[in-house]
Number of protein chains: 2
Amino acid sequence: MAATQQYVYPGQDEIRIEAVLAALADPVRLDMVRQLAGPGTEISCSGFDVAVTKSTLTHHLRTLREAGVIIGRQQGTTRYNSLRRNDLDELFPGLLQGVLAARR
Amino acid sequence: MAATQQYVYPGQDEIRIEAVLAALADPVRLDMVRQLAGPGTEISCSGFDVAVTKSTLTHHLRTLREAGVIIGRQQGTTRYNSLRRNDLDELFPGLLQGVLAARR
DNA sequence: GTCGTTGTTCGATGGTTGTCGTAGTTCGAT
DNA sequence: ATCGAACTACGACAACCATCGAACAACGAC
């Protein structure tokens, strides 16, 4: 598929806590979420600082997207990813804060 | 081994967020944590309401124990398990609250 | 002692998952 | 129109994991 493919993101009511926890449990994905944690932060696929290949990175982005953790904004050939902080905070108040408070 | 085996529990400084998230991501274990969530609640191995065999339950209890989520108190042949809520709240403030806030 | 209860350990098995390389697709720029 | 950049899809592979059955160990009660 193309870089401009349109994705279906889960609605807020479709986000399940098990999927969110599983998505955050992987070290690579947790690191990606930490990089996204700053207010208003958007990171493109190639902008993440991770030690995996691009195909593996795509896999992790899909896991995060399908779990409802991130959302993407398309601009040209680049997809900018950001945290769905509002949705997650409403569903699981404190979860993201607690996860991000962990020492690295 | 015996039912009265002594276990080594991870110290608070040894609890890693990845292990906690992975432990909570499993539906069976998440359900066990929910059953433990009441203040002062202690549940023995045979006291959990789960749809798995005893050997599988032992496996889940070990995962939760090694991740630092639960701690056990031996009394006769029974081991009473409880949440390490204080330790977890200090390390990851809000995490447990957010997880337990999820609709079932 | 002999049971029953409680809980653990040990394979075995089937499913999931993290990883990669390769190939392919869309877009923008030259 | 050709090239490169940004991603994605597919197939493969190894590692992990949830599950079970069967056997085992410790304790309490009879």
Side-chain angles (χ1 to χ4, degrees), chain A residues 1-9 16-33 35-36 42-82, chain B residues 1-9 16-36 42-67 69-82:
Chain A
M1 298 294 179
T4 50
Q5 163 125 359
Q6 286 293 0
Y7 284 130
V8 183
Y9 293 90
R16 294 166 306 144
I17 182 66
E18 294 92 343
V20 172
L21 292 170
L24 297 177
D26 183 87
V28 175
R29 289 193 292 264
L30 182 58
D31 206 38
M32 293 166 67
V33 169
Q35 295 177 35
L36 286 171
E42 285 183 323
I43 302 181
S44 69
C45 185
S46 57
F48 284 100
D49 183 19
V50 291
V52 295
T53 64
K54 271 197 285 190
S55 57
T56 302
L57 182 57
T58 295
H59 160 67
H60 286 311
L61 282 171
R62 178 172 51 208
T63 303
L64 289 169
R65 163 169 41 90
E66 292 179 349
V69 177
I70 63 174
I71 200 159
R73 176 178 66 84
Q74 192 72 30
Q75 184 166 352
T77 55
T78 305
R79 190 191 315 274
Y80 289 99
N81 304 283
S82 55
Chain B
M1 296 295 178
T4 50
Q5 163 125 0
Q6 287 292 358
Y7 283 132
V8 183
Y9 292 90
R16 295 166 305 142
I17 182 65
E18 293 93 342
V20 173
L21 291 171
L24 297 177
D26 184 87
V28 175
R29 289 194 292 264
L30 182 57
D31 204 39
M32 293 167 67
V33 169
R34 283 183 177 127
Q35 295 178 36
L36 286 171
E42 285 183 324
I43 303 181
S44 69
C45 185
S46 57
F48 285 100
D49 182 20
V50 289
V52 294
T53 63
K54 271 195 291 188
S55 57
T56 301
L57 182 57
T58 296
H59 159 67
H60 286 310
L61 282 171
R62 178 172 52 207
T63 301
L64 288 169
R65 164 169 41 89
E66 292 180 349
V69 177
I70 64 173
I71 200 160
R73 176 178 66 85
Q74 192 72 30
Q75 183 166 351
T77 56
T78 304
R79 188 191 315 274
Y80 290 99
N81 304 283
S82 56

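Chain A is the first sequence line, chain B the second, and so forth, proteins listed ahead of strands; every chain is numbered from 1.
Here the side chain of T77(A) is nearest to one of dG18(C), dT6(C), dC27(C), namely dC27(C). Taking every side-chain heavy atom of S46(A) into account, dC7(D) is the closest of dA18(D), dC7(D), dT19(C).
As a whole-Å value, the separation of Y7(A) OH from dA6(D) P is 16 Å. For Q75(A) and dC7(D), the CD to P distance is 11 Å, given to the nearest whole Å. The interatomic distance linking N81(A) (CG) with dC7(D) (C1') rounds to 11 Å, in whole Å. Rounded to whole angstrom, the span from the CE atom of M32(B) across to the P atom of dG7(C) amounts to 11 Å. Atom pair L21(B):CG and dT17(C):P shows a separation of 16 Å (rounding to whole Å applied). A straight line from CD of E18(B) to C1' of dC17(D) spans 18 Å, rounded to a whole angstrom. Separating the CZ atom of R73(A) from the C1' atom of dA6(D) is a distance of 15 Å, rounded to the nearest angstrom. A straight line from CD of Q74(A) to C1' of dT26(C) spans 10 Å, rounded to a whole angstrom.
Partners of A22(A) under the side chain to side chain contact (heavy atoms under 4.5 Å, CB included) rule, at least two apart in sequence or in another chain, are A25(B). S44(B) pairs by the side chain to side chain contact (heavy atoms under 4.5 Å, CB included) definition with S46(B), T78(B), Y80(B), not counting sequence neighbours. Legend: residues meeting side chain to side chain donor-acceptor pair (under 3.5 Å) with T53(B), ordered by chain and number and at least two apart, are S55(B), T56(B). Listed by chain and residue number, R73(A) satisfy the salt bridge (Lys or Arg N to Asp or Glu O under 4.0 Å) test with E42(A) (two or more places apart in sequence, or in another chain). Under the rule for a side chain to side chain donor-acceptor pair (under 3.5 Å), the partners of H60(A) that lie at least two apart in sequence or sit in another chain are R29(A). Residues satisfying the side chain to side chain contact (heavy atoms under 4.5 Å, CB included) criterion with N81(A), sequence neighbours excluded, are F48(A), L61(A), I70(A), R79(A).
Proximity of a side-chain donor or acceptor of Q6(A) to a complementary backbone N or O of V8(A) within less than 3.5 Å is not detected. Listed for the Y9(A) side chain is a donor-acceptor partner under 3.5 Å among the backbone atoms of G72(A). Side-chain atoms of Q74(A) come within 3.5 Å of backbone atoms of G76(A) as a donor-acceptor pair (strictly under, hydrogens ignored).
Interatomic distance, CE of M32(A) versus CG of L57(A), reported as 5.0 Å (0.5 Å rounding).
Screening residues 48-64 of chain A for salt bridge (Lys or Arg N to Asp or Glu O under 4.0 Å), with sequence neighbours left out, gives no hits.
Closest non-hydrogen pair, A67(B) versus A23(B), comes out as CB-CB, 3.8 Å. The two residues V50(A) and Q35(A) make their nearest non-hydrogen contact at CG1-NE2, 4.4 Å. Across all non-hydrogen atoms, the minimal contact from V33(B) to L24(B) is CG2-CD2, 3.7 Å.
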Give me the distances for all protein-to-nucleotides 14-16 of chain C N/O pairs that come in under 3.5 Å?
none

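At a non-hydrogen distance threshold of 4.0 Å, T58(A), R62(A) from residues 58-72 of chain A come into contact with DNA chain D. In the region residues 49-57 of chain A, proximity to DNA chain C at under 4.0 angstrom, judged on heavy atoms, holds for V52(A), T53(A), S55(A), T56(A).
Relative to the axis of its first five pairs, the axis of the last five pairs of the helix from dG1(C)-dC30(D) to dT30(C)-dA1(D) sits at 20°, rounded to 10 degrees.
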